[in-house]
2 protein chains.
Amino acid sequence: MISNEKPLRALLGERGIKPTYQRLAILAEVLDRRSHPAIKDLHFGLKTKVPTLSKTTLYSTLELFARHGLVRTLRIDPVEARYDGWTAPHHHFHCERCGAILDLNLACPTGRRGCIDGHEIREVHGYFRGVCRSCLAGAASSASPKRGAARAALVKHPSRRYQHA
Amino acid sequence: MISNEKPLRALLGERGIKPTYQRLAILAEVLDRRSHPAIKDLHFGLKTKVPTLSKTTLYSTLELFARHGLVRTLRIDPVEARYDGWTAPHHHFHCERCGAILDLNLACPTGRRGCIDGHEIREVHGYFRGVCRSCLAGAASSASPKRGAARAALVKHPSRRYQHA
DNA sequence: TTTTCATTTGAAATCATTTCAATTTGGATT
DNA sequence: AATCCAAATTGAAATGATTTCAAATGAAAA
């Protein structure tokens with residue numbers, strides 16, 4: 001019952017990852033989302049399709065995927081890891097008001113690899129922080145996120161932490 | 001008993017921050033370190049000078065400093081926040097072996113401010129991850145850090161998490 | 001001195017992440 | 001189909017950074 005199952009199986013197969021039901025579902029979910037979901041968002045989103053799915057499996061599976069370049073782990077949110085199914089080089093913006101993480105179109109050496117100062121570069125992240133367009137437009141009100149440098153409120157499709165009750 | 005106290009007082013004074021003994025000590029410590037210490041490192045490093053210093057004070061004080069541009073909060077280490085007393089725009093490299101965070105000399109728009117795609121940019125971070133020069137040189141052995149994507153061992157001046165017992 | 005207000009403190013709570021042992025699964029073999 | 005085995009999954013417990021909170025302290029003003 002996983003939509004688009006064929007190409008997903010292929011994606012895993014190419015990397016020698018056994019295509020279990022959970023893995024296919026997780027991969028489908030993370031590739032389908034543009035909002036850079038956190039573990040708990042994926043857990044919530046998958047609970048209908050895979051009711052028994054544990055967070056432990058989510059953690060280990062996403063680490064597996066990241067290791068094989070299927071997803072990127074974003075550490076821009078101080079509270080929790082966010083996952084990105086779009087692996088082409090691009091930058092990210094984190095709104096400190098609503099917590100949304102947005103893709104940025106910006107020429108930059110995110111694709112840069114090789115060595116710098118003798119260090120072997122394996123990942124490059126351009127992290128921009130500030131207040132997003134919607135929040136600037138006065139979009140929403142206040143209700144402070146509990147942790148991190150972020151302040152005020154919600155809007156959009158952010159990590160659940162930033163949403164109203 | 002805080003070395004270099006005068007200029008530190010000035011730094012705080014300019015920003016209207018009351019120069020308490022704790023704040024002066026914390027500021028001195030964070031400015032003096034090149035290793036991007038975590039809270040626990042600062043706590044450890046200050047315990048002689050300020051034996052009663054609580055982590056709560058460290059957290060709140062560093063947040064205060066960050067808000068006033070005296071330090072930068074780095075989120076490149078998945079486990080804990082690291083603090084940087086060097087506020088000029090520059091990039092960072094995180095070694096996934098030993099956990100060290102190193103400054104990179106690299107022309108890049110870390111200084112970029114203003115708006116992108118309508119979002120107001122307040123901070124820019126260039127995060128590079130990989131294996132540092134020392135670790136590549138076969139520097140140290142193995143003893144896995146407990147969390148994060150990082151694997152193997154220690155070396156250098158990393159967050160205590162990555163050090164041998 | 002007394003009042004007042006900000007700062008500091010330590011203990012407890014929160015919560016993402018990791019660890020771990022037990023269970024389940026699915027493929028291979030009989 | 002039944003059995004076996006290694007890998008995958010699970011849930012519960014542990015870990016540890018960070019936050020919350022109320023009480024204690026300190027320092028300046030009245």
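We name chains A, B, ... by the order of the sequence lines, and we start the count at 1 in each one.
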Visitor: Measure CG/Leu24(A) against P/dT25(C) and give the value in whole Å, please.
Guide: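 Atom CG in Leu24(A) sits about 16 Å away from atom P in dT25(C).
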Visitor: Can you check the His43(A) NE2 to dT17(C) C1' distance for me, whole Å?
Guide: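 It works out to 14 Å between those atoms.
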Visitor: Are Lys40(B) and Glu80(B) close enough for a salt bridge, meaning some N to O gap below 4.0 Å?
Guide: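 Result for this pair is yes, salt bridge flagged.
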Visitor: Nearest-Å distance, CD (Glu63(A)) to C1' (dA8(D))?
Guide: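 So the two atoms are 15 Å apart, to the nearest Å.
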Visitor: Which whole-number value in Å describes the distance from Leu58(A) CG to dC15(C) P?
Guide: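 Whole-Å distance recorded here is 19 Å.
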Visitor: So among Arg122(A), Glu120(A), Arg75(A), which one has a side chain to side chain contact (heavy atoms under 4.5 Å, CB included) with Arg129(B)?
Guide: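 It is Arg75(A), the one option of Arg122(A), Glu120(A), Arg75(A) that forms the side chain to side chain contact (heavy atoms under 4.5 Å, CB included) with Arg129(B).
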Visitor: Whether the side chain of Asp84(B) engages the backbone of Trp86(B) through a donor-acceptor N/O pair (distance < 3.5 Å, no angle test) should be reported.
Guide: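 Yes; at least one donor-acceptor contact below 3.5 Å.
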Visitor: On the 0 to 90° scale, with breaks at 30° and 60°, tag the Tyr127(B)-His125(B) ring pair as parallel, tilted or perpendicular.
Guide: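 Tilted, since the angle between the ring planes falls between 30° and 60°.
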Visitor: Measure OH/Tyr59(B) against C1'/dC15(C) and give the value in whole Å, please.
Guide: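 Atom-to-atom, Tyr59(B) to dC15(C), this comes out as 13 Å.
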Visitor: Calculate the interatomic distance between Leu74(B) atom CG and dA17(D) atom C1'; express it in whole Å.
Guide: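 Interatomic distance, CG of Leu74(B) to C1' of dA17(D): 16 Å.
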Visitor: Examine His36(A) together with His92(A) and report whether their ring centres are nearer than 6.0 Å.
Guide: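 Ring centroids of His36(A) and His92(A) are less than 6.0 Å from each other.
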Visitor: Between atom CG in Leu46(A) and atom P in dT9(D), what is the gap in whole Å?
Guide: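 It works out to 13 Å between those atoms.
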Visitor: Atom NZ of Lys49(A) and atom P of dT9(D): how far apart are they, to the nearest Å?
Guide: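 Checked: the NZ to P distance equals 16 Å.
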Visitor: Decide yes or no on ring-ring contact (aromatic ring centres under 6.0 Å, His included) for His91(B) and Phe128(B), but give the supporting numbers first.
Guide: CA-CA 8 Å; His91(B) 292 308; Phe128(B) 296 72; 5.6 Å; yes
Visitor: Determine, for nucleotides 5-10 of chain C in 5'-to-3' order, which nucleotides have protein heavy atoms under 4.0 Å from the base (write B), from only the sugar-phosphate (write S), or from neither (write -).
Guide: --SSBB
